[in-house]
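Input: a single structure, listed below in structure tokens.
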Amino acid sequence: MNVTRMAAPCMKLSKSLVVPHSGVMARFASVTKGQVHPGYEKIKEKYKHFQIEDGVPIHLKGGAFDRFLYYTTLAGCGVGLVMCFEYYYSAAFPKKC
Amino acid sequence: MIKSNHAFHLVDQSPWPLTGALGALMLTSGIVKWFHSFNMTLFISGLIILVLTSIQWWRDISRESTFQGLHTLVVAKGMRWGMILFITSEVLFFFSFFWAFFHSSLAPTMEIGLAWPPTGIQVFNPIQVPLLNTIILLASGVTVTWAHHGLMENKFSQTLQGLMSTVILGLYFTALQAMEYIEASFTIADSAYGATFFVATGFHGLHVIIGTTFLITCLLRHKSCHFSSTHHFGFEAAAWYWHFVDVVWLFLYMTIYWWGS
């Protein structure tokens with residue numbers, strides 16, 4: 001049995017678990033060995049958070065603030081739509097002075 | 001995180017196309033209401049909804065690309081074509097304003113004194129603020145290229161400095177142009193000269209503001225380590241847009257400011 005061939009899918013799987021996208025490791029090549037750019041740690045947390053497979057769509061995956069912004073935008077659209085139709089009506093049937 | 005067996009990105013369901021459309025409806029209906037009823041509320045509301053939509057839509061794209069790794073090479077190539085086509089459409093947009101300028105200036109009518117600039121119009125001296133603005137934008141083209149090379153060579157702080165310099169130059173251009181607008185001795189209503197001048201330079205100024213905003217976004221993303229030395233299309237798109245804005249200004253300067261004086 002070819003152990004290397006068996007190991008290949010495991011390597012692919014472990015690669016996909018290591019979150020960073022292409023080139024992230026290369027960009028810190030200028031940092032001294034052993035030192036990690038502080039920004040990298042922060043962004044690794046972001047990767048972990050947004051890659052949780054919980055079925056939440058991307059526009060809500062950030063948390064409570066996402067929901068607040070979303071519902072505010074939706075409310076604004078609702079109110080605006082009503083204002084549009086109100087205006088169309090008043091433009092079509094102007095009040096007689 | 002890619003779970004499909006192909007390299008393309010099929011996006012999650014998103015509300016932003018709908019909210020964007022509704023925002024555009026509010027904006028356009030709001031303009032009509034502003035002109036006919038002298039009330040700006042609907043227009044301002046439309047503007048706010050469009051800004052909220054843009055922020056959230058582009059925020060989601062950053063999440064899908066940087067945090068979820070869904071922008072493969074194929075996806076990025078599609079984005080490149082998209083940006084190229086968009087900038088091409090903007091070139092055609094400006095072409096129409098240059099056409100209008102040449103239509104009026106190559107054959108000046110009797111109403112404006114058979115001359116260009118029209119009789120009575122005090123034009124801007126092209127070797128004063130307009131020349132400074134030209135130098136500013138040319139310099140900003142250099143600084144954005146510096147930033148790009150810094151990014152490709154993994155030099156974090158040089159990229160930051162290049163981007164920062166580009167943004168500062170962009171803001172400086174906008175401030176100077178605003179001063180020129182305030183100091184101008186003619187308005188948009190002053191014959192074909194005023195109309196062609198303010199519409200062409202006005203739309204250009206709006207594009208400078210858009211480009212500066214795009215660059216500021218790239219600056220903030222760079223500070224948060226979103227870009228890598230090999231994958232940074234958002235930055236490249238901003239740089240392309242900025243060069244386009246610069247080239248439009250060069251044409252404006254040569255035709256309207258210099259030849260047109």
Side-chain angles (χ1 to χ4, degrees), chain A residues 15-31 36-53 55-62 65-88 90-91 94, chain B residues 1-3 11-16 18-23 25-30 32-33 36-37 39 41-42 45-46 48-49 51-53 55-57 59-73 151-156 222-232:
Chain A
K15 245 190 187 174
S16 68
L17 287 174
V18 166
V19 297
H21 68 103
S22 62
V24 167
M25 293 313 289
R27 98 193 280 331
F28 299 111
S30 57
V31 174
V36 176
H37 194 290
Y40 182 55
E41 293 306 318
K42 274 194 200 157
I43 209 161
K44 262 205 321 190
E45 294 306 311
K46 290 272 187 189
Y47 294 155
K48 276 196 202 124
H49 177 84
F50 285 98
Q51 291 189 30
I52 299 167
E53 288 180 35
V56 175
I58 194 74
H59 66 281
L60 296 172
K61 222 169 170 68
F65 189 61
D66 279 10
R67 281 192 298 278
F68 167 71
L69 267 183
Y70 170 57
Y71 287 114
T72 306
T73 310
L74 226 50
C77 286
V79 167
L81 199 58
V82 167
M83 283 170 74
C84 283
F85 286 115
E86 238 178 7
Y87 175 62
Y88 302 151
S90 68
Chain B
M1 183 179 177
I2 296 178
K3 291 167 284 174
V11 299
D12 286 344
Q13 293 225 321
S14 172
W16 311 130
L18 178 64
T19 62
L22 289 171
L25 176 69
M26 287 162 65
L27 185 89
T28 47
S29 307
V32 175
K33 189 175 181 184
H36 288 265
S37 309
N39 184 317
T41 321
L42 187 55
S45 311
I48 291 170
I49 296 296
V51 168
L52 281 172
T53 299
I55 289 172
Q56 292 174 97
W57 197 337
R59 174 206 67 190
D60 288 352
I61 295 173
S62 289
R63 288 176 175 177
E64 289 161 353
S65 57
T66 307
F67 303 152
Q68 295 185 330
L70 295 170
H71 283 198
T72 58
L73 201 64
L151 189 52
M152 291 189 291
E153 291 163 27
N154 260 325
K155 300 205 163 104
F156 188 96
H222 174 60
K223 286 186 95 173
S224 305
C225 300
H226 284 202
F227 300 132
S228 79
S229 62
T230 50
H231 191 156
H232 45 257

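In what follows, chains are A, B, ... by sequence order, proteins preceding strands, each numbered from 1.
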Practice item. Provide the closest heavy-atom pair for B/Ser224 versus A/Ile43 in the form atom of the first, atom of the second, distance. Key: O-CD1, 3.4 Å
Exercise for review: Examine whether an atom of A/Tyr88 lies under 4.5 Å from a heavy atom of chain B, and if so say whether it belongs to the side chain, the backbone or both; otherwise answer neither.
Suggested key: side chain
Check your understanding: Do you know which two heavy atoms are closest between A/Ile58 and B/Asp60, and how far apart they sit?
Key -> O-OD1, 3.8 Å
Check your understanding: Which distance, rounded to the nearest 0.5 Å, do you find between the SG of B/Cys225 and the CD of A/Glu41?
Key -> 10.5 Å
Exercise for review: Could you tell me which non-hydrogen atom of A/Cys77 sits nearest to which non-hydrogen atom of B/Leu22, and how far apart they are?
Suggested key: CB-CD1, 3.8 Å
Practice item. Mind ranking B/Gln68, B/Met152, B/Glu64 by heavy-atom pairs under 4.5 Å with chain A and telling me who comes out on top? Key: B/Gln68
Point to revise | Geometric class of the B/Phe67/A/Phe50 ring pair [parallel <30°, tilted 30-60°, perpendicular >60°] | key: parallel
Point to revise | Nearest heavy atoms of A/Lys61 and B/Arg63, plus distance in Å | key: N-NH1, 4.3 Å
Review point. Any side-chain heavy atom of B/Leu42 sitting closer than 4.5 Å to one from A/Cys84?
Key: yes
Check your understanding: So, do B/Thr66 and A/Lys46 sit near enough that their side-chain heavy atoms are less than 4.5 Å apart?
Key -> no
Exercise for review: For each of B/Thr19, B/Leu70, B/Thr53, tally heavy-atom pairs with chain A at distances under 4.5 Å, and name the one with the top tally.
Suggested key: B/Thr19
Practice item. Give every residue pair that meets the side-chain hydrogen bond (donor to acceptor under 3.5 Å, both in side chains) criterion with at least one member in residues 73-84 of chain A, sequence neighbours excluded. Key: A/Thr73-B/Gln56
Practice item. Could you check which of B/Ile55, B/Ile48, B/Asn39, B/Leu52 has the highest count of heavy-atom pairs closer than 4.5 Å to chain A? Key: B/Leu52
Point to revise | Pairs of heavy atoms under 4.5 Å with chain A: top-ranked of B/His71, B/Arg59, B/Gln13 | key: B/Arg59
Study note, to complete from the structure: Under 4.5 Å to a heavy atom of chain A? For B/Trp16 that would be side chain
Point to revise | side-chain contact (heavy atoms from CB on, under 4.5 Å) involving B/Val32 - partner list, sequence neighbours excluded | key: A/Tyr87, B/His36
Exercise for review: Determine the option with the most heavy-atom pairs under 4.5 angstrom with chain A, choosing from B/Pro15, B/Ser37, B/Ser45.
Suggested key: B/Pro15
